[in-house]
Amino acid sequence: MLERLDFSGLTLNHMARVAKAAWNSTVRAAALAIAKDRADARATAGRPCWKGPTMPMLFFDCTTAPNPRRVRMIIAEKRLEIETRELSIANGEQLSPDFLAINPRGTLPVLVTEAGQALSETVAIASYLEDLHPEPSLMGQGAEEKAAVLNWNAVIEQQGGQAIFDAFRNSHPAMKGRAIPGPADYAQIPDLAERSRQRVNAFFELLEARLQQSPFIATNRFTLADISCFVMVEFARVIKMRIPQGNPATLAWYEHICERPSASV
Ligand SMILES: N[C@@H](CCC(=O)N[C@@H](CS)C(=O)NCC(=O)O)C(=O)O
């Protein structure tokens, strides 16, 4: 592929840039082809989890986006090595026909499992990885803890993440016409952005009340709910909202999570 590039008349620097871009798109195309082959094989097998041959997992990431970051943190906490392909949401790569063939919702993260399923929900990815690699546990152990993690993770997603995303997507100029992720374009609603900012304030109070009672979000140890909360709270910078200085329990929790190696992925 690279041999066919035309370098005539280019400076060395320019040549390097052209070669790098060609290499990246070749690698990306190969990754998409692998994932699509697996999806086709799964369709032929006629069921989502057939007992046929398995392949290494493949993770589609976007380093600028919060939900893929949750998956990167899970992978880091579990110290896994998973083949990863970066897509650029800024360049609309999640909406390419090749990627939509893998995830018709056009969202990231996606984890293609060993049997070829494309998982597009962070909680499903977390559950899958937890099952294959139970230690360290991020989804809780035993009925009470597992339920607490799922319960608090949903509270964080709905009361925090959704409010932050709505505030951002309905106000930021880069999100014009892109108020909802996915292939369909939706107009921004400025009033929704404003209401969502109020909800983010309420979320910070909810968090403070919870963390006054508990060292971590869901249980007395670090779990998926802390990962989700940490990522959402950090993402709130895009709407210029931060943990209020008057919320000491949340600030202490935040500092504590920042010390984990996974916080820097
Ligand atoms: N429910 C999904 C949400 C996935 C999602 O909305 N991802 C965003 C990035 S954080 C996306 O793909 N956006 C694409 C777009 O804006 O077009 C999850 O649990 O991860």
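One-based numbering, in listed order, for ligands and for the atoms of each. Quantities reported herein were computed from a predicted structural model and do not represent experimental measurements.
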For [X], the ligand 1 atoms whose distance to one of its heavy atoms is below 4.0 Å:
X: Ala65; answer: 9 (C), 10 (S)
X: Arg70; answer: 19 (O)
X: Gln94; answer: 14 (C), 15 (C), 17 (O)
X: Pro66; answer: 10 (S)

Mode of [X] contact toward ligand 1 - side chain, backbone, both, neither (heavy atoms, under 4.0 Å):
X: Pro109; value: side chain
X: Arg178; value: side chain
X: Ile89; value: side chain

Subject >> Arg221, CZ: over 12 other non-hydrogen atoms inside 6.0 angstrom >> reply: yes
Original post:
Any chance NE2 of His256 has more than 12 other-residue heavy atoms, nucleotides or ligands included, within less than 6.0 Å?
Top reply: no
Measuring from [X]:[atom1] to [Y]:[atom2], what's the distance to the nearest 0.5 Å?
X: Thr107; Y: Ile180; atom1: OG1; atom2: CD1; answer: 12.5 Å
X: Met139; Y: Tyr128; atom1: CE; atom2: OH; answer: 14.0 Å
X: Glu130; Y: Ser137; atom1: CD; atom2: OG; answer: 4.0 Å

Original post:
Contact between Met175 and ligand 1, counting heavy atoms under 4.0 Å?
Top reply: no
Original post:
Is there a heavy atom in Arg169 that sits closer than 4.0 Å to ligand 1?
Top reply: yes
Closest approach of any protein heavy atom to [atom], naming residue and atom:
atom: atom 13 (N) of ligand 1; value: Pro181 CB, 3.6 Å
atom: atom 3 (C) of ligand 1; value: Asn67 ND2, 3.5 Å
atom: atom 12 (O) of ligand 1; value: Leu108 N, 2.8 Å
atom: atom 19 (O) of ligand 1; value: Thr122 N, 3.0 Å
atom: atom 1 (N) of ligand 1; value: Glu121 OE1, 2.7 Å

**OP:** Without swapping roles, check the side chain of Gln188 against the backbone of His172 for a donor-acceptor pair under 3.5 Å.
**Re:** yes
**OP:** Could you check if a side-chain atom of Ile74 sits within less than 4.5 angstrom of a side-chain atom of Ile227, using non-hydrogen atoms only?
**Re:** yes
Original post:
Charged N to carboxylate O under 4.0 angstrom, Arg260 versus Glu77?
Top reply: yes
**OP:** Tell me, with the steps shown, if Glu234 and Arg69 meet salt bridge (charged side-chain N to carboxylate O under 4.0 Å, His left out).
**Re:** CA-CA 11 Å; Glu234 287 224 316; Arg69 186 180 182 202; 2.8 Å; yes
